[in-house]
Amino acid sequence: MTRRPYHHGDLPAELLAHAEKMVREKGARALSLREMARDIGVSPAAPSRHFRNKQALLDALALRGWERLTAQTEYARGSVGPTFAERLGAVARAYLGFALANGALFDLMYSADTGAQTSPELRAAAWRWSGHLAALVADGQDGSEVRAGAPERVALAVFAALHGYARLAVGGVLPPELTEHGLDEVVDSTLRGCRP
């Protein structure tokens, strides 16, 4: 009988990559640490040295998703002109692009438990993304492009429209022509609702 090795290079990174693939192909419920260990070629106990259980691995995967989403939307925000309309449009396209390219991960990020059991890092990552959206609104308010009010409250309406559209697109509810071009309508409507 051949013994499987305990060590396997950067096992945490490989487990996360494999977990993301499994979640995309089979869903989060089907994720199995034992199956992953077998697929990667390590002992069944090896994953538990890095992730105490399946939920810890899913939380780490969701955290990685939040970090990627934040990086992509922040890059988009900084890659366009200074107006609120330009920046909101860029952030909206980046958000939708991430959601469509990573549907299962996107679902996992928003289904992660946000209660006492959730890691502080995961909660902080989700709030950090929300904070970036509020900062976008605050910048628009500073330029007199967005109505007055607590930036977090104004950002809530922006987020609700953007996230609702992304959920519909990821869920396959929208006809193809709306998935491709409907975002412009959502952004235009959101911009009208944000005007002073």
Can you hop from Val91 to Val80 via hydrophobic side chains spaced under 4.5 Å? no
Could you state whether Leu100 and Tyr165 fall into the same hydrophobic cluster, counting links through intermediate Ile, Leu, Val, Met, Phe, Trp or Tyr residues with side-chain heavy atoms under 4.5 angstrom apart? yes
For Asn102 and Arg24, which I'm curious about, is there any donor-acceptor pair between the side chains at under 3.5 Å? no
Which atom names give the shortest non-hydrogen contact between [X] and [Y], and what distance separates them?
| X | Y | result |
| --- | --- | --- |
| Ala125 | Leu63 | CB-CD1, 3.4 Å |
| Ala99 | Ala166 | CB-CB, 4.1 Å |
| Leu33 | Pro47 | O-CG, 4.0 Å |

Does anything in residues 136-152 pair up under side-chain hydrogen bond (donor to acceptor under 3.5 Å, both in side chains), and if so which pairs, sequence neighbours excluded? Arg77-Asp139
CA sep, side-chain torsions, deciding dist, call: Arg93, Gln72, side-chain contact (heavy atoms from CB on, under 4.5 Å): CA-CA 10 Å; Arg93 284 186 294 280; Gln72 288 177 23; over 6 Å; no
Between Tyr95 and Phe106, does the ring centre distance come in under 6.0 Å? yes
Hey, do the aromatic rings of Tyr110 and Trp66 have their centres closer than 6.0 Å? yes
Could you walk me through whether Glu86 and Thr83 satisfy the side-chain hydrogen bond (donor to acceptor under 3.5 Å, both in side chains) test, starting with their C-alpha distance in whole Å, then the side-chain angles of each, then the deciding distance to 0.1 Å, before giving a yes or no? CA-CA 5 Å; Glu86 291 169 310; Thr83 69; 2.8 Å; yes
My understanding is that only residues two or more places apart in sequence, or in another chain, count here; which of them pass side chain to side chain contact (heavy atoms under 4.5 Å, CB included) with [X]?
| X | value |
| --- | --- |
| Ala155 | Leu133, Ala134, Val137 |
| Ala56 | Phe51, Arg52, Asn53 |
| Leu156 | none |

ring-ring contact (aromatic ring centres under 6.0 Å, His included) against Phe159, all qualifying residues, sequence neighbours excluded: Trp129, His163
Would you say the side chain of [Y] lies within less than 4.5 Å of the side chain of [X], judging by non-hydrogen atoms?
| X | Y | value |
| --- | --- | --- |
| Thr73 | Phe98 | no |
| Arg68 | Leu105 | yes |
| Val23 | Leu58 | yes |
| Leu168 | Leu178 | no |
| Met36 | Leu57 | yes |

Distance (rounded to the nearest 0.5 Å) between [X] [atom1] and [Y] [atom2]:
| X | Y | atom1 | atom2 | value |
| --- | --- | --- | --- | --- |
| His18 | Met22 | NE2 | CE | 5.0 Å |
| Leu31 | Glu20 | CG | CD | 11.5 Å |
| Ile40 | Leu15 | CD1 | CG | 4.0 Å |
| Met109 | Asp59 | CE | CG | 12.5 Å |
| Leu162 | Leu96 | CG | CG | 7.5 Å |
| Glu74 | Arg128 | CD | CZ | 11.0 Å |

Return a table of donor-acceptor pairs under 3.5 angstrom between the side chains of residues 185-196 and protein atoms on other chains or two or more places apart.
| unit_1 | atom_1 | unit_2 | atom_2 | d |
| --- | --- | --- | --- | --- |
| Thr190 | OG1 | Val186 | O | 2.7 |

Donor-acceptor under 3.5 Å (Lys21 side chain, Leu16 main chain): no
Under 3.5 Å, is there a donor-acceptor pair between the side chain of Thr70 and the main chain of Glu67? no
